[in-house]
Structures are given as C-alpha cells and as structure tokens.
Amino acid sequence: MVFISVLLPLLSIGQTFTPSKAQKAVAKSTDALVIGLPVAALTGVLVQKDWKGLIQGVETAGATAAATLILKYSIKEMRPDYSNMHSFPSGHSSISFATAAFIQRRYGWAVGGPAYALSCYVAWGRVFAKKHHVWDVCAGAVIGAASAYIFTTPFAKKHNLQIAPTADATHVGAYASFEF
C-alpha cells in the first residue's frame, strides 16, 4: 500500500485533465450544495430556536472538519484530475453527510431523507467531476454521518413531537404538536 501511495504521484507527474462542460456544471452544483445544505440546516435551527440543536450542529461540524482535514493533509492522495494531493477523504461528502445526518437525527426522516438524497448527489458529483475517487466520498460520508450520530440527539423525543395525518371530505393534511 505504501509503495502504491508513493508510486502513483510519480506516475501522474505531467498529466493533465480537461473536464467536460457537464463535469464543470456538476462540480459547481456540488460546490453550491456543500454550502447550501449547512446554511439551510442552520436557518432551520435558528427559526425553531433550537439552541441545543445549534450546539450539537457546531460539535458535529467541528468533529467532521477536524477528522477530514487531519486525514486529507496526512494521507496526501492524488485527485483523479491531478490538481493536487488532497483527495482523501472528500470534504464535500463529509460536510454534506454530516449535515444530512444531523437533520435526520435531530428532526426526523421527513426532512433528513431529502438531505440525504442531496448528499448522495454531492458524493456522486465529486466522483463524476473527477475530484475524488469512490473511496474518498465513501470515507467522507462515514466521517460526516458518524460525527452527527455521535453528537446529535433527536429533537422529537425531547419535545414529545407527534405528527399525524388528517383528512376530511375536502382536505388532506397533517397535524403536528410538540412540547416546549
């Protein structure tokens, strides 16, 4: 493994990669999502005045960033596009999966599911755009989700959240209640 880690950068010296228009567009969309997901989560936390959730989100973000950066600058794996030696693990994947896992764990699958879907797109997009290998995004996803699961407790349990469908002859909806 050490031999391969040393040999691969030497083999890639002088190689270049020119991304297609689709790869550039996907890379830009993943850049937007890696900012948009945490901003949306933070907005939701602030709107709900969920101060405990804010602290847990900060702890999740800190652990995710620390683990990702320590590995990224220790391992020094060449990116598939040969742009630098910071491929492993994927920071985009770790951030997006930390956010999705935080949202899902704190507020449930109704909002966590779509966040996970966007995180999967980010992970796929980083591979498609040749910014990461598959194992880079998988490791990032594990780091992010694990951080959230370590630091985040469910909002619903603490506040006795109850959601139930409701319907009559002309309307369909949902009823939600929780305790402060």
Side-chain angles (χ1 to χ4, degrees), residues 1-13 15-17 19-20 22-42 45 53 55-109 111-154:
M1 183 70 172
V2 173
F3 177 73
I4 292 171
S5 296
V6 172
L7 184 60
L8 284 178
L10 295 176
L11 294 174
S12 63
I13 292 175
Q15 292 188 12
T16 59
F17 170 74
S20 68
Q23 287 170 318
K24 287 180 185 178
V26 168
K28 286 182 182 181
S29 68
T30 60
D31 290 343
L33 281 171
V34 81
I35 294 167
L37 275 169
V39 167
L42 177 61
V45 167
I55 292 168
Q56 292 173 358
V58 169
E59 291 170 336
T60 296
T64 300
T68 301
L69 291 172
I70 287 168
L71 288 171
K72 189 175 282 288
Y73 287 92
S74 297
I75 293 177
K76 298 184 182 190
E77 177 187 57
M78 179 64 72
R79 291 184 185 270
D81 69 355
Y82 307 109
S83 62
N84 63 40
M85 298 287 289
H86 303 299
S87 187
F88 183 87
S90 167
H92 282 65
S93 292
S94 65
I95 292 167
S96 63
F97 275 90
T99 304
F102 168 79
I103 292 169
Q104 177 272 315
R105 182 111 165 102
R106 190 84 182 138
Y107 305 109
W109 280 103
V111 288
Y116 270 116
L118 291 172
S119 297
C120 289
Y121 171 78
V122 169
W124 169 84
R126 300 307 287 174
V127 174
F128 177 79
K130 301 288 187 210
K131 292 295 183 182
H132 290 284
H133 304 282
V134 171
W135 54 85
D136 300 337
V137 297
C138 290
V142 168
I143 290 166
S147 296
Y149 268 77
I150 290 168
F151 292 106
T152 308
T153 59

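Please read these numbers as outputs of a predicted model, since none were measured by experiment. One-based numbering along the sequence shown.
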Checking Thr60, Thr64, Thr68, Thr152 against Ser147 for side-chain hydrogen bond (donor to acceptor under 3.5 Å, both in side chains), the one that qualifies is Thr64
Heavy atoms from other residues, nucleotides or ligands near NZ of Lys72 exceed 12 (cutoff 6.0 Å) | yes
Would you mind reporting whether Pro19 and Asp81 have side-chain heavy atoms less than 4.5 Å apart?
-> no
For residues 139-146, dump all side-chain donor-acceptor pairs below 3.5 Å to protein atoms at least two apart in sequence or in another chain.
none

Enter the distance from Ser94:OG to Leu71:CG here, rounded to the nearest 0.5 Å.
-> 9.5 Å
Is it true that a side-chain atom of Gln23 and a backbone atom of Lys130 form a donor plus acceptor pair closer than 3.5 Å?
-> no
Taking Thr30 for its side chain and Ala27 for its backbone only, find out whether a donor-acceptor pair lies under 3.5 Å.
-> yes
Is there side-chain contact between Asp136 and Glu77, with heavy atoms separated by less than 4.5 Å?
-> yes
If you round to the nearest 0.5 Å, how far is OG of Ser96 from CG of Leu33?
-> 8.0 Å
Closest heavy-atom pair, Val122 versus Ser93, reported as atoms and distance to 0.1 Å, is CG1-N, 4.4 Å
Between Arg79 (side chain) and Ser87 (backbone), is there a donor-acceptor pair under 3.5 Å?
-> no
Kindly compute the distance separating OG (Ser90) from CZ (Arg126), expressed to the nearest 0.5 Å.
-> 6.0 Å
Can you measure from CZ (Phe151) to CD (Gln56) and round to the nearest 0.5 angstrom?
-> 10.0 Å
Just say parallel, tilted or perpendicular for the rings of Phe102 and Tyr107, cut-offs at 30° and 60°.
-> perpendicular
How far apart are the closest heavy atoms of Tyr149 and Tyr116, and which atoms are they?
-> CE1-OH, 3.9 Å
Would you say the side-chain atoms of Thr153 and Arg105 include a donor-acceptor pair closer than 3.5 Å?
-> no
Determine the interplanar angle of the Trp124 and Phe128 rings, folded into 0 to 90°, and report it as parallel if under 30°, tilted if 30 to 60°, perpendicular if over 60°.
-> parallel
Quick one: are Asp31 and His92 in side-chain contact, heavy atoms under 4.5 Å?
-> yes
Just wondering, do Pro38 and Ile95 contact through their side chains at under 4.5 Å, heavy atoms?
-> yes
Rounded distance [0.5 Å steps], CZ in Phe97 versus CD in Gln104 = 12.0 Å
